[in-house]
Amino acid sequence: MTHRPLLRLRVPAALAATALALSACVSPTAGPGGLYARPIGNAPVTSNPTPYSTALYCMADYARRYGLPSPRMAVGRISDYTGSVSADGGRQITQGASLMATSALAKAGAQIVERYDTSISELELRYANNRLIGDEGGTPENPNYRRILAGQVPGSDFYLIGGITEVNYNIRSAGFDVGVGETDTDTPGSGIVQGKIYVMNVAMDLRLVQTTTLEVVDVISYQKQIIGREISAGVFDFLNGNVFDVSAGTGGMEPVQLAVRALIERATLEMMANLYGAPGPEVCLSAENDPLNTVGATGGYYPAYDNTGTNNGQTRADPSRWHDRRDGDVRRSRY
């Protein structure tokens with residue numbers, strides 16, 4: 001009983017010391033580098049594939065091996081029609097589905113023309129028409145005005161549009177809640193264990209339209225289920241007049257936006273396989289190495305210059321490349 005006052009003093013002192021230690025990480029005065037605090041986290045940038053990305057690269061390789069030309073593809077608006085809003089007021093579902101579709105077409109080796117955001121091209125075309133833009137080789141006295149040639153902008157053959165049409169939050173859920181305690185108030189200690197699991201889904205409807213005739217040539221509707229889980233445990237106890245409440249838990253949810261990307265990649269894969277005339281997944285069984293040295297895992301790129309043998313295309317998927325703490329070449333270039 002004589003130790004109870006001492007214990008009552010030690011617990012607040014320990015909590016105060018912990019608070020001071022945490023506050024020492026942030027200073028009200030900026031340091032020599034001009035920062036109050038250094039941001040935490042050191043995970044490098046990595047590629048963002050889905051389970052269908054490898055098949056998209058295989059489809060591109062299949063088309064190149066057999067000399068199958070890709071039609072010119074464009075991407076229109078792929079909007080969120082669910083109207084779902086998160087608790088903080090923002091949209092629950094990504095608004096960037098059109099950008100994901102462009103990346104998916106590039107992985108499949110499609111020839112893409114820009115139609116989603118043409119504001120820069122339209123502005124420069126207007127400037128060129130007013131003789132305000134000059135290309136290299138001119139002088140102030142004799143400027144080399146950019147020429148506007150009839151037919152210089154290639155047209156698209158097909159364009160991809162559609163939308164995210166469903167998001168269902170609680171298809172199925174289950175859980176348990178177990179508590180343990182004593183009826184005798186003099187007996188210390190009680191505990192609780194909780195567990196939850198729930199399933200939701202997101203769905204998308206896409207259509208492929210022939211540009212010249214506006215004929216809908218392909219329609220695909222897919223859905224993907226998403227699972228989340230949470231487990232937690234806690235202990236509540238009175239010890240010598242002090243209250244202790246300790247809890248811990250773990251939880252995780254399959255990324256909703258990554259599920260949207262997977263839906264788009266699966267639909268793009270099926271549509272491009274149809275355009276290439278590929279019979280099915282069996283075309284990947286005899287896939288060879290990529291003859292054009294294009295990028296894997298991160299997307300595709302157009303070889304604007306004849307340097308595919310020496311450029312940085314194959315390093316894009318390496319998380320250590322160009323990272324100032326992981327790549328020695330970047331560090332050495334500072335000196």
Side-chain angles (χ1 to χ4, degrees), residues 22 39-57 75 77-104 107 160 162-181 190-206 220-236 244-271 281 296-299 317 319:
L22 292 175
I40 63 173
N42 59 0
V45 175
T46 63
S47 58
N48 192 27
T50 76
Y52 304 101
S53 297
T54 300
L56 286 169
Y57 298 126
V75 177
R77 289 191 301 272
I78 303 178
S79 304
D80 170 24
Y81 293 104
T82 64
S84 57
V85 180
S86 63
D88 58 4
R91 291 295 187 94
Q92 189 76 24
I93 303 297
T94 177
Q95 306 299 292
S98 296
L99 309 182
M100 295 179 181
T102 301
S103 298
K107 293 177 183 180
L160 181 64
I164 304 167
T165 51
E166 289 184 41
V167 54
N168 303 298
Y169 288 104
N170 195 358
I171 297 177
R172 185 68 59 86
S173 62
F176 63 88
D177 190 334
V178 179
V180 177
S190 63
I192 186 172
V193 178
Q194 295 178 326
K196 299 178 182 178
I197 187 169
Y198 52 91
V199 178
M200 62 176 290
N201 83 325
V202 60
M204 175 176 291
D205 291 79
L206 296 177
I220 287 182
S221 177
Y222 280 141
Q223 71 90 30
K224 186 183 187 312
Q225 291 192 348
I226 303 163
I227 191 169
R229 62 179 180 272
E230 180 181 356
I231 300 175
S232 62
V235 176
F236 183 79
F244 293 88
D245 188 356
V246 182
S247 61
T250 180
M253 180 175 180
E254 188 177 351
V256 176
Q257 320 307 348
L258 189 60
V260 174
R261 185 183 296 274
L263 286 169
I264 291 174
E265 291 201 352
R266 172 66 190 277
T268 301
L269 177 63
E270 298 289 353
M271 289 180 175
T298 62

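For reference, positions follow the sequence shown, starting with 1.
Partners of Q92 by side-chain hydrogen bond (donor to acceptor under 3.5 Å, both in side chains), not counting sequence neighbours: none found. Partners of R91 according to the salt bridge (Lys or Arg N to Asp or Glu O under 4.0 Å) rule, which considers only residues two or more places apart in sequence or in another chain, are D80. Residues satisfying the side chain to side chain contact (heavy atoms under 4.5 Å, CB included) test with A97, not counting sequence neighbours, are I78, I164, I264. Scanning for side chain to side chain contact (heavy atoms under 4.5 Å, CB included) contacts around A259 gives V202, K224, I226, with sequence neighbours left out. In this structure, the side chain to side chain contact (heavy atoms under 4.5 Å, CB included) partners of Y81, at least two apart in sequence or on a different chain, are S79. Applying the side-chain hydrogen bond (donor to acceptor under 3.5 Å, both in side chains) criterion to N170, with sequence neighbours excluded, gives S173. Listed by chain and number, the residues in a side-chain hydrogen bond (donor to acceptor under 3.5 Å, both in side chains) with Q223 are N201 (sequence neighbours excluded). Residues satisfying the side-chain hydrogen bond (donor to acceptor under 3.5 Å, both in side chains) test with E166, not counting sequence neighbours, are N168. In terms of the side chain to side chain contact (heavy atoms under 4.5 Å, CB included) criterion, residue partners of L258 (sequence neighbours excluded) are, by chain and number, N48, T50, P255, R261. For D205, the salt bridge (Lys or Arg N to Asp or Glu O under 4.0 Å) criterion is met by no residue, not counting sequence neighbours.
To the nearest 0.5 Å, atom OG1 of residue T94 and atom CG of residue L99 are 8.0 Å apart. Atom NZ of K196 is separated from atom CZ of R229 by 15.5 Å, given to the nearest 0.5 angstrom. Between atom CZ of residue R172 and atom CD of residue Q225 there is a gap of 9.5 Å, rounded to the nearest 0.5 Å. Atom CZ of R77 and atom CD of Q95 lie 13.0 Å apart (nearest 0.5 Å).
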Problem - Residue pair M253, Y198: steps toward the side-chain contact (heavy atoms from CB on, under 4.5 Å) verdict - result: CA-CA 9 Å; M253 180 175 180; Y198 52 91; 3.9 Å; yes

Handout entry: Worked verdict on Y57 versus K107 for side-chain contact (heavy atoms from CB on, under 4.5 Å)
Key = CA-CA 5 Å; Y57 298 126; K107 293 177 183 180; 3.6 Å; yes

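Heavy-atom minimum distance, E265 versus A104: CG-CB, 4.0 Å. Here the closest heavy-atom approach between residue P44 and residue P319 is recorded as CB-O, 3.4 Å. A pairwise comparison of heavy atoms in T298 and S47 identifies CG2-CB, 3.7 Å as the closest pair. Listed here is the closest heavy atom pair of S84 and Y169: CB-OH, 3.1 Å. The shortest non-hydrogen separation linking T165 to T82 is C-CG2, 3.7 Å.
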